[in-house]
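The next block holds one structure in the form of structure tokens; read it before the comments.
Excluded from the calculations below are hydrogen atoms, water molecules and symmetry mates; all remaining heavy atoms, backbone and side chain alike, are included. So that the names make sense, note that chain A is the first sequence line, chain B the second, and so on, each numbered from 1.
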Amino acid sequence: MSLQLYDTATRSVRDFVPREPGKAGIYLCGVTVQSPPHIGHLRSGVNYDVLRRWLEYRGLAVRFIRNITDIDDKVLKRALDEGVPYWSIAYRNERLLDDAYDAVGVELPTYEPRATGHIPEMHELIQRLIDRGHAYVTDAGEVYFDVSSWPEYGALSGQKPDEMRRQSSEPPAPDKRNPLDFALWKGVKPTEPQDAYWPSPWGRGRPGWHIECSAMTWRYLGEEFDIHGGGRDIQFPHHENEVAQSKAAGFGFARFWVHNGPLNMAGEKMSKSIGNVVGLPELAAHGIRPAELRYYLAAPHYRSVIDFSYEALEESAAAYRRVEGFVQRAVEQVGVVDPGPVCADFVTAMDDDLNTPRAFAALHEVVRDGNAALASGDRTAVAGALAGVRGMLGLLGLDPLSTLWREAASDDLRSTVDKLVAHALERREQARAGRDWSTADAVRDQLKQAGVLIEDTPHGPRWTLADDTTDGSS
RNA sequence: GGUGGGGUGGCCGAGUGGCUUAGGCAAGGGCCUGCAAAGCCCUGUACGCGGGUUCGAUUCCCGCUCCCACCUCCA
């Protein structure tokens, strides 16, 4: 059994065979950093992070490129609105995005190139398209891709150019030969920030929206590579235009197109332009931890629609805490056990187009067995379950014991709190020994007021910190 | 108008022509506990609507309906 992946270009699930044995090159269309990131962006980040981890588990050395598009119409408009350089906007949002990825445990890409760092590659690519008769230069110094020169145009997104609706809010560019032609290079406009331009063979200007991805895939992954990923919402026009210009330039380009589903908000897409966005700060205000968000984003299949709601998010958080609770209790009983082999159901599920819902089901079954082993005191079984659970959680980026999810100060504080709690528990145990339940319960209530939850186990009492969402510690 | 994806039990969310059926959350019952918490066991309520194929369809086919996305900037 090997990995099978759904490929948008062929609309089918196919065996994933790397171009070069033992290696995989992935390009993920990152974000246009026009505004702070929302959890729709994080879904994309988490989905491809899981794909990457799975490819690595399958023994592939993954080169993972995730770009930053740091110049486009929206960024420039915002710069004008705020009266600051466009690149300060892009940089500010890029940092927020990286922090957010970091918070939800998305591993660093192999490299994260920026569009504006690749102007020479764009020029080379554009010149190549002009030379091959797939692009033309207008009197205004703009360069357009000639869609009519590329018969495959529309194949990726299933669109037929003749049947596409011609509705554009923008006034049509007068020099375009065909409304579908798209800009490779845009000329200087007096209404735009004047620090947003570079010299080019066709006059001063700036890149069109799609050319940066073609340039950066070329630079970092070569003319042909394994997987191109991105959100389904940019399949057209962005990916269609990308594949057109790259293939017209003579490149093999992406062998697999992977598209993740959207994250909706009350039935509508979460989108910067609609303004219904939720980011990490809002979730933190609801007491949702980043790991719980990651669980929520990773548990449904990556191609399905997630209709965001706090109710569903709370359910995921509860499910994650169940798994986390097992790991904590297991470690208390048998000590830290390294991540071990994962169960066959998990592997089968992940190989089947990353069927994370089934993978999570497999995880929960092992957790249940592990809990039963804890109850029966079967330490060998506990250790085995812990190893398997950690193995699976690691591949999903959710291992509570990974350094990722440990709050910086918590370890130091923990031993301090442990000593204080031990005193209180000693008093409580004395009271319990004398069957003085009211005193025993009073101690437990006091600790609860302080946010420390006490549970009695066959091995004696244990304590945990109350979740932030529970309001009992006020 | 064109293209694609969907409507599964109280909620989230897989899956399959019948055979044991996901898994989680919530609910009820039980075990455990001084009580609790956690955990374990058990329980119920499903496959948008109407036809068809079939011994048998939630799963295949047809029609209908509703929802979403894309065709315009958006992961």
Side-chain angles (χ1 to χ4, degrees), chain A residues 8 11 28-32 34-35 37-48 66 72-74 77 97 154 157-170 180 209 229-238 240 259-264 267-274 277 295-296 299-301 303-307 309 311-323 325-326 328-329 345 349 355-365 367-376 432 435-438 440-441 444-445 448 453-458 461-462 464:
Chain A
T8 305
R11 307 233 148 72
L28 170 60
C29 268
V31 175
T32 301
Q34 50 168 293
S35 52
H38 57 69
I39 56 177
H41 300 123
L42 297 184
R43 179 188 191 182
S44 161
V46 167
N47 284 161
Y48 293 99
R66 182 184 66 212
D72 90 318
D73 294 358
K74 288 276 171 86
K77 180 173 185 307
L97 177 68
S157 58
Q159 302 288 336
K160 293 193 177 108
D162 295 342
E163 289 170 6
M164 283 168 55
R165 187 186 260 177
R166 306 261 165 80
Q167 64 166 47
S168 176
S169 49
E170 303 291 314
L180 288 174
W209 175 29
R232 201 157 76 205
D233 54 341
I234 57 167
Q235 188 178 329
F236 192 93
H238 183 55
E240 191 71 59
H259 286 104
N260 63 283
L263 191 146
N264 287 181
E268 235 183 359
K269 186 170 72 166
M270 182 173 291
S271 148
K272 289 175 255 195
S273 55
I274 298 172
V277 297
Y295 186 106
Y296 176 68
H301 192 264
R303 282 192 282 123
S304 68
V305 177
I306 295 180
D307 199 3
S309 72
E311 292 72 25
L313 186 51
E314 292 290 356
E315 286 181 10
S316 285
Y320 179 67
R321 285 197 292 270
R322 170 184 162 78
V323 177
F326 164 69
Q328 285 171 354
R329 289 189 301 277
D345 286 349
N355 193 323
T356 50
R358 262 165 47 208
F360 275 84
L363 168 71
H364 275 102
E365 283 174 13
V367 167
R368 195 207 311 121
D369 293 345
N371 276 326
L374 276 171
S376 67
R432 293 183 74 204
R435 306 186 72 80
D436 178 1
W437 308 128
S438 62
D441 290 350
R444 188 169 61 191
D445 289 346
K448 189 179 179 185
L453 302 180
I454 301 303
E455 298 170 18
D456 294 315
T457 77
R462 68 187 287 265
T464 51

- Item | Minimum-distance nucleotide to A/Phe236 side chain [options: B/C41, B/A14, B/C71] | B/C71

- Side chain A/His41, main chain A/His38, donor-acceptor under 3.5 Å: yes

- Could you check how far CG of A/Asp456 sits from P of B/A38, rounded to whole Å? 13 Å

- Using a cut-off of 4.0 Å on non-hydrogen atoms, how would the nucleic acid contact of A/Gly154 be classed: base, sugar-phosphate, or nothing? nothing

- Note on the structure: note: A/Gln328, atom CD; B/G39, atom P; distance rounded to Å ~ 12 Å

- When rounded to whole Å, the CZ to C1' distance for the pair A/Arg232 and B/C70 reads 9 Å

- Item | Base B/C68 to side chain A/Asp307, donor-acceptor N/O within 3.5 Å cut-off | no

- Message: In whole Å, measure the gap between the C1' atoms of B/G52 and B/G44 for me.
- Response: 33 Å

- For the pair A/Glu240 (side chain) and A/Gly154 (backbone), establish whether a donor and an acceptor sit closer than 3.5 Å, ignoring hydrogens and angles. yes

- Note on the structure: Closest of B/A75, B/U3, B/A22 to the A/Glu365 side chain is B/A22

- Is a side-chain donor or acceptor of A/Arg232 paired with a backbone partner of A/Pro262 at a separation under 3.5 angstrom? no

- Would you mind telling me which of B/C68, B/A75, B/G13 lies closest to the side-chain atoms of A/Asn260? B/A75

- If we take the C1' atom in both B/U21 and B/G17, what is their distance in whole Å? 15 Å

- Counting only heavy atoms not in A/Arg435, do more than 12 fall under 6.0 Å of its CZ? no

- Identity of whatever pairs with B/U3 - Watson-Crick or G-U, under 3.5 angstrom: B/A69

- Task: Look through every strand shown and name the nucleotide pairing with B/A27 as Watson-Crick or G-U wobble, where both distances are under 3.5 Å.
- Result: B/U43

- Query: So what does A/Gly158 touch, heavy atoms closer than 4.0 Å: a base, only the sugar-phosphate, or nothing?
  - Reply: sugar-phosphate

- Message: Of the listed nucleotides (B/A75, B/G24, B/A22), which one gets closest to any side-chain atom of A/Ala361?
- Response: B/A22

- Hey, does A/Ser309 reach any base, or is it just sugar-phosphate, or nothing, if we go heavy atoms under 4.0 Å? nothing

- Message: Looking at A/Arg432 and B/G34, is any side-chain donor or acceptor paired with a base atom of the opposite kind under 3.5 Å?
- Response: yes

- Message: Applying a 4.0 Å non-hydrogen cut-off, can you work out what A/Gln159 is touching in the nucleic acid: base, sugar-phosphate, or nothing?
- Response: base

- Message: Counting only side-chain heavy atoms from C-beta out, which of B/G13, B/U72, B/A38 sits nearest to A/Glu455?
- Response: B/A38

- So how far is it from A/Arg66 CZ to A/Ser44 OG, rounded to the nearest 0.5 Å? 8.5 Å

- Quantified in whole Å, what is the P atom distance between nucleotide B/U43 and nucleotide B/A36? 24 Å

- Within less than 4.0 Å of OP1 or OP2 of B/G2, is there a side-chain N or O belonging to A/Ser157? no

- Query: Toward the 5' end of RNA chain B, which comes first, A/Gly261 or A/Ala319, by nearest nucleotide?
  - Reply: A/Ala319

- Note on the structure: Winner on side-chain proximity to A/Ile234, out of B/C25, B/A75, B/A22, is B/A75

- C1' spacing across the pair B/C12 / B/A27, given as an integer number of angstrom: 15 Å

- Is any side-chain N or O of A/Glu315 under 3.5 Å from a base N or O of B/G24, one able to act as donor and the other as acceptor? yes

- Note on the structure: Side-chain contact check for A/Val31: nearest option of B/C71, B/A75, B/A22 is B/A75

- Message: Please confirm whether the shortest side-chain N or O distance from A/Arg322 to OP1 or OP2 of B/C40 is below 4.0 Å.
- Response: yes

- Task: Can you measure from NE2 (A/His301) to CG (A/Asn355) and round to the nearest 0.5 angstrom?
- Result: 5.5 Å

- Message: Can you say whether a donor on the side chain of A/Arg444 sits under 3.5 Å from an acceptor on the base of B/C35, or the other way round?
- Response: yes

- Item | Phosphate OP1/OP2 of B/A38: any A/Thr457 side-chain N/O under 4.0 Å | no

- Query: Considering heavy-atom distances to RNA chain B, does A/Leu28 or A/His364 have its closest nucleotide positioned more toward the 5' end?
  - Reply: A/His364

- Quick one: is B/G15 close enough that its OP1 or OP2 comes under 4.0 Å of any side-chain N or O from A/Asn355? yes

